[in-house]
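Below is one structure, written out as structure tokens, with a few remarks after it.
Quick caveat, the model's predicted, so the values are computed rather than measured.
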Amino acid sequence: MVNAQGIPVYKKIGATPAPAAPEDRARVVIVGAGPVGLAMALDLGRRGHPVTVVTKLDYIAHCSKAICFSKRSLDILDRLGVGDPVVEKGVTWNVGKVFWGANDTPVYQFDMLPVKDQKRPGFINLQQYYLEEYLLDGLSALPNVEIRWGHTVEGVKPANDGVALEIATADGRYRLRTEWLIACDGSRSTVRDRLGLDFEGRAFEDNFLIADIRMKNREMPCERWFWFDPPFNPGKSALMHRQPDDVWRLDFQLGWNIDREAAIRPENVEPYIRAMLGEDVAFEREWYSVYTFQCRRMARFVHGRTIFAGDAAHLVSPFGARGCNGGFADIDNLGWKLDLVLRGKAGEELIETYNEEATVTADENILNSTRSTDFLTPKSTASRALRDAVLELAHDHAFARPFVNSGRLSTPVSYPASRLSTQDEDDWRGGVPPGSPMLDAPHGDGWLLDQLGDDFVLLTRGWRGDVPAGLRVVPVTGMAADRLSLEEGAACLVRPDQYVAARWKRPDATKIAAALARAMGRAADMGRETWRN
């Protein structure tokens with residue numbers, strides 16, 4: 001099904017009627033109903049907060065767009081209650097292979113789940129429209145979340161106590177006032193534009209063709225395959241991924257000076273596909289598109305009561321799968337902090353730590369994406385010679401393989417100097433330090449991360465003592481304790497986003513209470529001067 005604008009539609013939903021009154025109010029408004037906006041609504045909605053989602057679309061688009069979702073994102077989706085359908089539908093993979101030239105033997109391969117015995121795989125591939133559908137299914141069970149389809153933001157006016165939005169619908173216009181506005185409206189963010197905010201960075205002089213096709217009876221392992229200088233796209237690169245429903249993502253480097261409109265015409269796309277897969281391959285077109293690498297971000301993600309997340313805040317090239325996965329990292333960091341503020345358990349200054357930590361994540365993603373792009377598209381004879389030397393050495397020499405960069409794939413980012421963390425006072429060898437995400441492990445009849453929930457948790461190994469009121473204690477043993485390097489009598493404080501906030505070999509009630517206060521932004525000495533990027 002295609003709508004009047006020529007956009008393929010996966011599911012038609014229809015426009016939501018405008019409110020009867022010309023002015024409406026909502027405690028939290030999220031602009032954008034892509035995966036990041038829907039996940040943000042699900043996070044806050046499950047915590048009991050009233051949420052209004054505003055989106056100019058009245059359908060789910062039938063375009064694959066984001067397809068690669070990392071283990072960290074799957075852990076987040078588990079916490080939001082939608083991990084199981086996502087993984088059941090998705091194509092699971094852990095291994096990636098890199099080829100060079102006409103050689104059928106990979107010069108390099110990697111494992112995205114080097115630590116085994118975890119609930120979720122390193123990656124799954126899943127069309128974005130399925131993910132959006134599962135998130136909407138989760139939201140349908142929450143009476144406190146409202147989605148307004150076909151409502152377009154046209155004006156944004158900040159105030160000290162919130163934000164006023166001008167909304168246009170087919171029924172007319174209205175004003176929507178909110179205490180907090182979360183902009184998840186993509187790389188062409190209307191909210192960012194109306195506020196006149198920056199979005200600086202770098203565009204790379206190259207174009208890439210996405211060809212999502214449907215073909216049956218294709219034998220290939222569930223792996224990520226990447227080619228440098230293959231015979232079917234000489235002098236350039238290519239990528240192949242499998243998706244559910246016999247859909248395959250093919251990606252071809254095109255070069256800079258091209259006719260982008262002509263590049264996606266079937267008669268121009270199909271020669272690439274047949275050169276890669278064979279002249280006699282039978283396939284159907286799903287979606288063709290051309291994109292240009294861009295790495296950009298806002299200088300700040302928090303502007304008063306307006307908060308930016310996902311592509312509205314930062315944009316990276318798709319090689320490395322850091323776009324949507326980076327957006328999920330944003331909402332995972334923001335959700336519990338805004339929850340504490342809305343419930344009056346923390347001051348608004350806690351939201352500033354979202355800005356600090358999320359910009360660190362964005363900078364690491366941009367750095368990795370920029371390096372990947374420079375390796376994929378060398379712009380000088382010397383840089384190309386260096387890249388080719390790395391590929392040649394990687395085939396036989398292990399030391400060269402880490403330098404092969406076909407897109408450093410998304411991994412969780414640590415905040416070693418976060419001002420929400422209590423730094424180690426003991427000498428630790430291994431484990432998960434403060435400011436880093438937890439490792440999963442078998443725990444009882446299930447998994448450790450499933451035991452953490454949506455609040456602060458104290459993990460202990462044989463420790464008994466007083467804890468602050470409301471702090472849940474989870475005893476751990478075996479592999480779970482070993483992965484944290486918790487010896488007998490030790491403990492570890494975990495944030496609601498499954499990041500370690502503090503750890504002790506010999507904890508006591510005073511230390512735990514102080515670390516909890518710091519992690520909630522309430523420590524008297526938690527000044528901004530302690531933060532180091």
Side-chain angles (χ1 to χ4, degrees), residues 2 5-10 34-35 60-69 90-91 93 96 123-132 186-188 203-215 218 220 222-228 230 232-233 236-277 281 283-295 311 315-327 369 372-373 376-377 406-407 409-410:
V2 177
Q5 292 75 41
I7 298 172
V9 174
Y10 171 69
I60 299 174
H62 197 281
C63 304
S64 296
K65 297 183 181 177
I67 65 165
C68 297
F69 299 99
V91 172
W93 65 276
F123 267 85
I124 67 157
N125 289 349
L126 180 73
Q127 293 91 324
Q128 181 172 315
Y129 49 83
Y130 283 130
L131 176 60
E132 291 174 357
S187 60
R188 296 182 177 88
F204 295 85
E205 294 185 357
D206 219 316
N207 294 286
F208 291 79
L209 167 68
I210 289 177
D212 278 3
I213 61 172
R214 188 183 298 272
M215 58 179 179
R218 184 74 182 182
M220 175 185 156
C222 295
E223 299 171 344
R224 177 189 192 261
W225 284 15
F226 187 95
W227 290 265
F228 289 100
F232 52 82
N233 197 22
K236 298 181 176 66
S237 64
L239 173 71
M240 181 160 62
H241 267 296
R242 184 173 185 168
Q243 303 175 61
D245 304 333
D246 299 314
V247 175
W248 297 75
R249 163 70 53 89
L250 311 182
D251 201 307
F252 302 92
Q253 184 182 358
L254 297 180
W256 181 236
N257 293 314
I258 66 166
D259 183 333
R260 293 169 63 91
E261 183 178 347
I264 59 173
R265 293 174 188 158
E267 64 268 24
N268 295 326
V269 174
E270 290 176 8
Y272 283 97
I273 298 171
R274 297 193 183 283
M276 174 189 269
L277 302 176
V281 64
F283 66 90
E284 299 174 9
R285 173 185 175 179
E286 280 285 302
W287 181 55
Y288 297 163
S289 181
V290 170
Y291 65 90
T292 301
F293 278 171
Q294 294 187 62
C295 290
D311 284 355
L315 188 64
V316 294
S317 56
F319 281 105
R322 294 173 179 271
C324 193
N325 290 304
S369 292
S372 297
T373 305
L376 291 171
T377 60
S406 64
L409 286 153
S410 177

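In this structure, the separation between CD1 on Ile273 and CG on Leu250 is 6.0 Å, given to the nearest 0.5 Å. Atom CD of residue Gln127 and atom OH of residue Tyr10 lie 9.0 Å apart, to the nearest 0.5 angstrom. The structure places CZ of Phe123 at 10.0 Å from CZ of Phe69, a figure rounded to the nearest 0.5 Å. Taking OH of Tyr272 as the start and OH of Tyr288 as the end, the distance is 13.0 Å to the nearest 0.5 Å. Put simply, SG on Cys63 and CD1 on Ile210 are 10.0 Å apart, with the number rounded to the nearest 0.5 Å. In this structure, CD1 on Ile213 lies 9.5 Å from CD on Glu270, to the nearest 0.5 angstrom.
Counted within 6.0 Å of CD on Glu261, heavy atoms from surrounding residues, nucleotides or ligands total 12 or fewer; the atom is thus considered open. Within a 6.0 Å radius of CZ in Arg285, more than 12 heavy atoms belonging to other residues, nucleotides or ligands are found.
With 3.5 Å as the limit, one finds a donor-acceptor pair spanning the side chains of Tyr291 and Asp251.
Contact record, Ile60 with Glu132: CG2-OE1, 3.1 Å, taken as the closest heavy-atom pair. Listed here is the closest heavy atom pair of Phe252 and Ala238: CD2-CB, 4.2 Å. Scanning both residues, Ala263 and Leu254, for their nearest heavy atoms gives CB-CD1, 4.1 Å. In terms of heavy atoms, Ala275 sits closest to Phe232 at O-CB, 3.2 Å.
One N or O on the side chain of Asn233 and one on the backbone of Gln253 form a donor-acceptor pair closer than 3.5 Å. A donor-acceptor pair is defined here as one N or O able to donate and one able to accept, closer than 3.5 Å; such a pair exists between the side chain of Asn268 and the backbone of Ala262. Looking only at distances, no side-chain donor or acceptor of Glu284 sits under 3.5 Å from a matching main-chain atom of Arg214. A donor-acceptor contact shorter than 3.5 Å links the side chain of Arg249 to the backbone of Lys65.
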Mind listing the side-chain donor-acceptor pairs of residues 240-247 below 3.5 Å, one per line with the distance, residues two or more places apart or on another chain?
from   : atom 1 : to     : atom 2 : distance (Å)
His241 : ND1    : Asn125 : ND2    : 3.0
Gln243 : OE1    : Ser64  : OG     : 3.3
Asp245 : OD1    : Lys89  : NZ     : 2.9
Asp245 : OD2    : Tyr130 : OH     : 2.3

